[in-house]
Amino acid sequence: MYGKGLKTLSIATVATLAAAACLVFFYAPSDADQGFVQKIFYLHVPLAIVALAGFVVAAVHAIRHLRTGDRRHDARSYVAIHLSIIFGTAVLVTGAIWAKASWGKWWVWDEPTLVSFLIVFLLYATYYPFRYAIEDSERQARYASVFAITAGAFVPLNFIAVRLAESLVHPRVFATAEGGMPGKMWLTFAVSIAGMALLWTTLVKFELTAKNASGQLKRLRRALDAPDAGTQSRIAPELS
Amino acid sequence: MNGAARAATPWRTAFGAILTKDLRMELRTLRSLPAMALFAVTTYVIFRYALDRTTLSGSLAAGVLWATLLFAAVLGINRLFVAERDEGGFDAIRLAPIDRTVLLAAKAAALIAYLLILELVAVPIFALFFLEDAAGLAPLVPVLLLADLGLAVTGALISSMAVNSRARDLLVPLLLLPLVVPLMIAATAASEPLLEAGGPAYDRFGLWLGVLGLYDLVFLLVGYAVFDFLLED
C-alpha cells in the first residue's frame, strides 16, 4: 500500500532535479547585482516554500487524524513534519551562505522572511521533545495532532507579524523574488520548485514505506515470539 | 429506564462555577500570584544591572517590560492545571454534563485575572524604577489587555497539553515561547513609541493593536476547535 509508485516517483524526482540543475547553470541569466551567487536562490527559496507547504500538509493530516482516529494519519503528519524540519535546516544553512556571500554576514535580523522562518523552525523543533514527554502512545498521537494544527495556524500569523515589524523604509532586498524576474528566471524557478516538491513527496513516501515495513516485521516477530531486533523509537508512530 | 433527557448545565453557569473555584482557590492558597509579582520585581533589578542603566525609554523600556511580564506569566501558566491533574479535576469535567471547552475558557479567564493583578503591581513598579514620566502608561492599557488575552488563551492551551506529560515545567516554556513571538512583536512594537523619552507617540498604534486582536482571534478559534480532543480519555 505504501510502496506503490515509489520507483516512478523517484525517477521523476531525479529527472526534474537534474533538469532544474541544468537550467540553473546553463539557462538562467546571471543577476545584475549579485552575479553568480544569486543562483543559490533556486535552491534556497524552493526548499523554503516546500518546507512551509509540508507543515501545512502535516496540519491537514493532523486534522484527519483527530476526526477519524486512524493512526496512519498521525504517522503521515509525523513524517511530514520530520521532513519539513530537515528541509528547514537546509533553508537556514543555504540562507546563511547566501547572506554571507551577498551581504558579508552569516545572519541578519532585518530580513523578515528569514526571521519568520527561524521562529517557525524553532516551534516545530519542539514537536520531538513534546512527543517524547508524553508516555501513553494514544494520547501522544492525539496531542501531537493538536500541536500540528496549532502550529499550522500559527505560521501565517507569524509571517504577518514579522513582516510588519520591518520598517517600511527598509529596501526589499530580494527584489528578484518579488515579480521583477524575467521569464527565463521564472521558468528555472518553477522547475526548481517542482523538483523540490517531488523530492519532499518521494522522501515522505519512502519514510512511510520503511515505517510500514518495519511495523509489519515487528508484528510478525511478535507472532512468532521471536526476540525484537532493535529498540523501536518511543515517539515515531508505528504503522502495522 | 429514564427516558427524559437530562438538561445539560448551561455554559455560563459552568463557566462561572469553574472560574470562581479557581479564583477562590488562588485567593486562599496564594500559590502563583506572589511568586509572579516578586519574580517581576527581581527581574527589573537584574535588568538594571544587566543593561547598566537607571532609566529606560523607547525600545529598551518596552523590551524589559514585556520580557519580564512574559516570564512571570510562564510561572503562572505552569501551575494552571496542576490542581486538576492532581485532584482528579479532569475526570470531573469529563463526567459533568457540560461542554468541555468551558474548562479552557474558565482557565483562560482565570489566567487573565492573574495577569491583570500582576500588571497592577508590576507596571507601576516598572514606572517607578525606570520611567521618567508616566504619561505612556494610560495608552499602554489597551495593549496590555489585548496581549493578556492572547497570552491567556495560548497559555491555557499549552498548559493543558503539558500538564499530562513528564517534563511539565520544561515543556510549557519550550512550546509557549515560539508561539507567542508574534504577540510579543506586536506588544513591544505598540509599546515602544508610547514609552519614548519625549512623551508618548502613536506610530502605527492602530496597526499593532489590530495584529494583537488578530492573534487573539486566531488562537481563540484554534483553542475552541481542538480543546475537546485534549480532554478525551
Side-chain angles (χ1 to χ4, degrees), chain A residues 55 59 62-69 74 109 112 115-169 234-235, chain B residues 59 90 104 150 153-154 157-158 160-190 192 203-204 206-233:
Chain A
F55 289 136
I63 293 175
R64 288 166 77 190
H65 170 244
L66 287 182
R67 293 182 84 189
T68 63
D74 175 52
W109 280 110
V115 174
S116 301
F117 196 88
L118 175 70
I119 295 165
V120 168
F121 176 81
L122 286 173
L123 177 65
Y124 277 95
T126 64
Y127 185 73
Y128 295 102
F130 179 54
R131 281 197 88 121
Y132 193 71
I134 302 171
E135 297 195 319
D136 173 42
S137 85
E138 197 257 317
R139 180 179 270 167
Q140 187 191 96
R142 234 181 329 120
Y143 281 28
S145 295
V146 170
F147 179 92
I149 295 170
T150 312
F154 166 84
V155 170
L157 202 58
N158 180 52
F159 272 82
I160 292 172
V162 174
R163 172 69 67 95
L164 284 174
E166 289 317 306
S167 161
L168 295 168
V169 174
R234 191 201 309 206
I235 61 172
Chain B
S59 58
F90 282 124
L104 179 69
V153 172
T154 318
L157 192 61
I158 297 294
S160 64
M161 284 202 268
V163 78
N164 285 309
S165 68
R166 293 186 308 170
R168 175 185 11 117
D169 289 331
L170 270 183
L171 219 55
V172 166
L174 191 67
L175 292 178
L176 187 68
L177 259 40
L179 280 175
V180 298
V181 164
L183 188 73
M184 287 295 121
I185 290 176
T188 47
E192 175 188 338
D203 299 349
R204 303 204 284 170
L207 173 72
W208 288 116
L209 286 183
V211 175
L212 283 172
L214 179 66
Y215 183 94
D216 294 347
L217 185 66
V218 168
F219 275 90
L220 275 168
L221 290 173
V222 169
Y224 179 77
V226 299
F227 192 69
D228 267 353
F229 297 102
L230 292 176
L231 276 195
E232 267 169 30
D233 204 353

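Nothing here was measured: the structure is a model prediction, and the numbers come from that model. Each chain gets a letter, A, B and so on, in the order its sequence line appears, and its residues count up from 1.
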Separation between CG of B/L179 and CG of A/L157, rounded to the nearest 0.5 Å
10.0 Å
Which region of B/I185, side chain (C-beta onward) or backbone (N, CA, C, O), has a non-hydrogen atom less than 4.5 Å from a non-hydrogen atom of chain A, or is it both or neither?
side chain
To the nearest 0.5 Å, how far apart are CG in B/D216 and CG in B/L183?
6.5 Å
Out of curiosity, B/L170 CG to B/L175 CG, how far, rounded to the nearest 0.5 Å?
10.5 Å
Do the ring centers of B/F219 and B/Y215 come within less than 6.0 Å of each other?
yes
Relative to each other, are the rings of A/F130 and A/F147 parallel, tilted or perpendicular (30° and 60° limits)?
tilted
Under 4.5 Å to a heavy atom of chain A? For B/S160 that would be backbone
Report which part of B/F227 has an atom under 4.5 Å of a heavy atom belonging to chain A: side chain, backbone, both, or neither.
neither
Among A/I149, A/L122, A/L66, A/T150, which residue forms the greatest number of heavy-atom pairs with chain B at distances under 4.5 Å?
A/L66
The interface call for B/L174 against chain A, heavy-atom contacts under 4.5 Å, is both
Drop me the distance from B/F229's CZ to A/R139's CZ, to the nearest 0.5 angstrom.
15.0 Å
Chain A contact via B/V222 - side chain, backbone, both or neither, heavy atoms under 4.5 Å
side chain
With respect to chain A, which residue among B/N164, B/V211, B/V218 yields the maximal number of heavy-atom pairs within a distance under 4.5 Å?
B/N164
If you count heavy-atom pairs within less than 4.5 Å of chain A, which of B/A162, B/A189, B/S165 leads?
B/S165
Spatial distance of atom CG (B/L212) from atom CE (B/M184) [nearest 0.5 Å]
8.5 Å
With a 4.5 angstrom heavy-atom cut-off, which part of B/L207 approaches chain A: side chain, backbone, both or neither?
side chain
Is it the side chain or the backbone of B/L221 that comes within 4.5 Å of chain A heavy atoms, both, or neither?
neither
